[in-house]
Every structure is written in structure tokens, then in C-alpha cells.
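Reviewing the structure listed below.
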Amino acid sequence: MNQVTAQLIGLVASIALSLSACADVVPVPESVDAEKIEGAKPRNVVFILSDDHRYDAMSFMGHPFAKTPHMDAMARHGAHLKNAFVTTSLCSPSRASILTGLYTFRHRVIDNQRLVPEGTLFFPQYLQKAGYTTGFIGKWHMGAASDDPRPGFDYWVSFKGQGQYYPPNDKYTINDNGKRVPQDDYITTLLTRRAIDFLEQQTDREKPFFLYLSHKAVHGPFTPEPKYKGTLTDYPYEFPSSSKLLTNNHLNRPRWLLDQRNSWHGMDFPLHTDTSAETFYKSYCEALRSVDDSIGAVMDQLRKMGIDDDTLVIYMGDNGYMFGEHGLIDKRVAYETSSRVPMLMQCPAIVQGGTVVDQVVANIDIAPTVMEAMGLKKPPHMDGQSFLPLAQGTSIPWRNYFLYVYYWEQNYPQTPTHFSLRGDKYKYTTYYGLWDTDELFDIQADPMEQNNLIHDPAFAKTKKQMQNQLYAMMEELGGMEIPLNPPRGRQQNKRLRDRGGVKATDFPEALIVDEPLRKELK
């Protein structure tokens, strides 16, 4: 049996497993019914989310200048889920998947502009129903105009939209349990302080609690605390090899990708500034240091309360970020540095220190994982699955695929609608509605996703199989209808003239022919 044949057999088996997992899709119910796991011990859970933190920006990952001692400690004392992904690399869709356990096209939160649909169920509502205490502190970002308390939370501290690192004026306020109060500190410090306040109130050891600490950082504009500002300036940095400017398109890269290099989301015109991606990256990692401090402060408080061994703490980012990879800055795309996120978990009573989980986990898995840790069964309508057994070294049936979607936004028109299927070896991505090329990568042999195999005859069957699997999964999960919203927000559609901004890039080489394909019309 040759290698390609073996790969195809494995892929067919993967398709069968994927479709069987999708076959039991259950509609979202109209009411909350919390069902306890018989004999389970409910644990306290703290879930800490950061914004735009890419998967490799942690010092234990060998990063050249990120300083993350408390994240490093979580990896030493708990588990590092090294292949964690989001269903859409964008704030609101990702957060909706975390809170609902659903793929993007099922919860219908496809951009950063709108409230979640009426009747959406958030998993903390199940925790409340079971009699647990729940708290939300930080960035909600689903409905930019409102920071009102949302269903599922007893304790609520939040702000409108993206929030501010520092208050922009004396009248600026945040929502503190339904009251307008001034923002009186750097936002990461303030949110951490309020998280400690919530924890200090949890004095009933017989009543489990869930705390969701959702940081604004490290979202742009990257604004470090004064004590960290400039601390990484002198560290050496080399741009990734994939940032190299291509003078032709012999590598069969999508035209939209090469054109995006000179745009709001490209490294030649990043966020419409002349600031280098390196400068942005270092400010970003300086702001990240305060998020790391926040993790340390939460851990210290749990130790003071004597519950650190039995409390499950999960840390993750809401999406990745790029600083030059593929010539881009920002996120949205299905490439690894955009869709892959950091994920750490710690609970010494049930998770052995130094554990590394290789399986692909996702934001849709957070809800089932938290619910299992708190002694509740996963509601049957959720797409995700608890990864707690994986972190405990238990062998369970698990996905060998991952589905990613992104829907075009008028205010950021550079990135097209696309659907992507990531397996253990191959990743297939199709760009919807474009005269362009799709992409197929061998992510084991080509982790930087530079060798597009989509036009290689040797991989034609692999491409077809993955394409079929992608659309079969979308069909089963109700994702074959593209959600549309009326446009909101300014169009960030400018290009810089002196960096090749006048002309579009070349078509992929595989799309070019030198002779007519038809000698005569019949």
C-alpha cells in the first residue's frame, strides 16, 4: 500500500466518523434543563479569556520576547492543550461559540456589531439553574451599544463594545451590577481587582461558583501598563519567512491574500499606519504581561481561600493574531496563526502537572468542559464536547477534524467568506464567491502553510475527499445558508500608493494557460 492510498483510507475513515458525529444534531431548546451527573463532585471553575492572544506568544513556547511566567506555571502545574482552535477568528463569533457550545452558523453571531439573537442560551444559565453562583467580569462584545447584564450571571461588571484601556474622559463609565460607575484604573488591573472581589464573596464552600474573567487586552490599540511600556523594545526579532514579498504568483497563493498585504490588515499598511508590524508586536506583548499578572493574582486568591487544588482554572484566547505571517496583520483568516489559540488548564486534584493534550480542542468545547467539571451533563444540542477526560489522560472518541468559517464584512472587505476543514494532516480551505484559488496544505510537513497542494495532481483525490467532507458537515450542521447582516461600520478599504497599491496582484500560476483550451466551439 503506497503512502497516498493509506492517507486516503484514513481520510475516508475520518469522514465516516465526522458524519456520524454530525448526524445527531439537536435543535437549541427553548428552555433550560440542568441535568446533574450522578455521583459527580461539582467543582468551582474560573475561566479567563484574553483578546487576540496568539497560540505561541508565551515564554514556555520559546517565544523571543513574550514574558508569561504565570501562564508558564499553569503549563507546569496543569495541562497545555497545544492544538486549540476557534470556529471563527473574530471577537463576537468566538465568544458566542464559547458561551453556547455551538458553531458560528448555528448561533448566528457572525460579526462584531450586533446583539446575539433573542432566545440564545448561554451555558451559565444551566449553572444558575443548578443553583450555582455565576459571575461575568469584562468584555462581552456582542452588541456594541449595550453593556447591560446578560442572562446567566448573578454578578456583572462590563463595558460597551471594545472598552477602553484608560477612560477617555471624566464622564466615561462601566456597568457594575446594573449601576454606572467610573472606570478608575487601567482596564486589566480594574477587571482583575473586581475578579478578586467576586472570589472573596464566595464564602459558602457548599455552593460551587463559576467566574468568567474576560479581558479587553491584548486587543488594539496595544496599550501596555506604564511599568511595562518599552520593556521589550530592544529584543531582537525576525519576521516570519512567510512575510516575504512575492514578485510573482508561481506559488499559487490566492490573489485576495497577496492584495491584502497592502491594506488595513496587511503588513505593508498595517491598520492604515506606517508603524511596523514589529513595533505593534512588541507593544502587544508588553500589554500581555498585565494579563499574565492577572492570572497570577487569581491563582494567589484561590490559594488564600484554600481552594486552589480543587478549582479548575482555564485560560484561553478568543482568537489568534498575525504579525507578518502571510504578509498580514490581525486575524479573521483560517491560517494557523489566526485560528489557533493558547489554552491552559489547571486543577491539581484532577489534572496532573505537565500534561500536554495533542488532540484538536476548540472554543465550542468550553461549555461542555465547564459543565462536566461542575457536575452537569452536556445539553444534547451543543456541538462541542468536554475535553476534561483528555486532560486526565483518558482515551475517549474525539474529533479528527475541525470546521472553521468566516463571513465577509463590508467594513473589512479584504477578507472573503471562507470555509475550512482542518484534519490532523491536511487543511482544505475554500474561498466563497471569488475567481481565485482554494488552498490545500499538508500542515504536518508544511506548518507555515506555504506549499499550496490544491493544483498538484497527486493530491486531487485528497482535495476532493476533504471538499466533500466539508460540505457534508456543513449540510448536517445547518451551515449551508450564509447568514447576512445589513452593513455597519466604516469601510477600511484603502491602499498605500507607494507600496504597489495601484495595481492588483497576479493570478495564481495554475490558473494561467498559454494556449487555447478549445480549438473550436461546438
> Taking the six-membered ring for Trp, are the ring centroids of F85 and Y404 within less than 6.0 Å of each other?
Replying inline: no

> Is the ring centre of Y235 less than 6.0 Å from the ring centre of H63?
Replying inline: no

May I ask you to check whether [X] and [Y] show a side-chain donor-acceptor distance below 3.5 Å?
X    : Y    : value
S158 : D147 : no
R255 : Y431 : no
Q260 : T415 : yes

>> Here's a test for you: under ring pair (Phe, Tyr, Trp, His ring centres under 6.0 Å), which of F210, W140, F136 qualifies with F122?
In response: W140

> Does K463 make a cation-pi contact with Y428 (under 6.0 Å, within 45 degrees of the axis)?
Replying inline: no

> Does NZ or CZ of K282 lie under 6.0 Å from the centre of the six-membered ring of F65, at an angle within 45° of the ring axis?
Replying inline: yes

>> Check the orientation of F60 and H80. Use parallel for under 30°, tilted for 30 to 60°, and perpendicular for over 60°.
In response: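 If you compare the ring of F60 with that of H80, the planes turn out perpendicular.
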
>> Does any part of the side chain of T87, heavy atoms only, come nearer than 4.5 Å to the side chain of R106, both counted from C-beta?
In response: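 Not touching, per the 4.5 Å side-chain cut-off.
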
> Which one of Y406, Y407, W408 satisfies the side chain to side chain contact (heavy atoms under 4.5 Å, CB included) criterion with R332?
Replying inline: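 Result: among Y406, Y407, W408, Y406 is the only option passing the side chain to side chain contact (heavy atoms under 4.5 Å, CB included) with R332.
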
>> Any salt bridge linking R253 with E439? Criterion: basic side-chain nitrogen under 4.0 Å from a carboxylate oxygen.
In response: yes

>> Check this for me, if you would: do R194 and D197 make a salt bridge, where the nitrogen-to-carboxylate-oxygen distance has to be below 4.0 angstrom?
In response: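 Judged by the 4.0 Å cut-off on N to carboxylate O distance, R194 and D197 do form a salt bridge.
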
> With distance as the sole test, does N452 use its side chain to make a donor-acceptor pair with the main-chain N or O of L440 at under 3.5 Å?
Replying inline: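 Yes.
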
>> For H70, give me all partners under ring-ring contact (aromatic ring centres under 6.0 Å, His included), at least two apart in sequence or on another chain.
In response: none

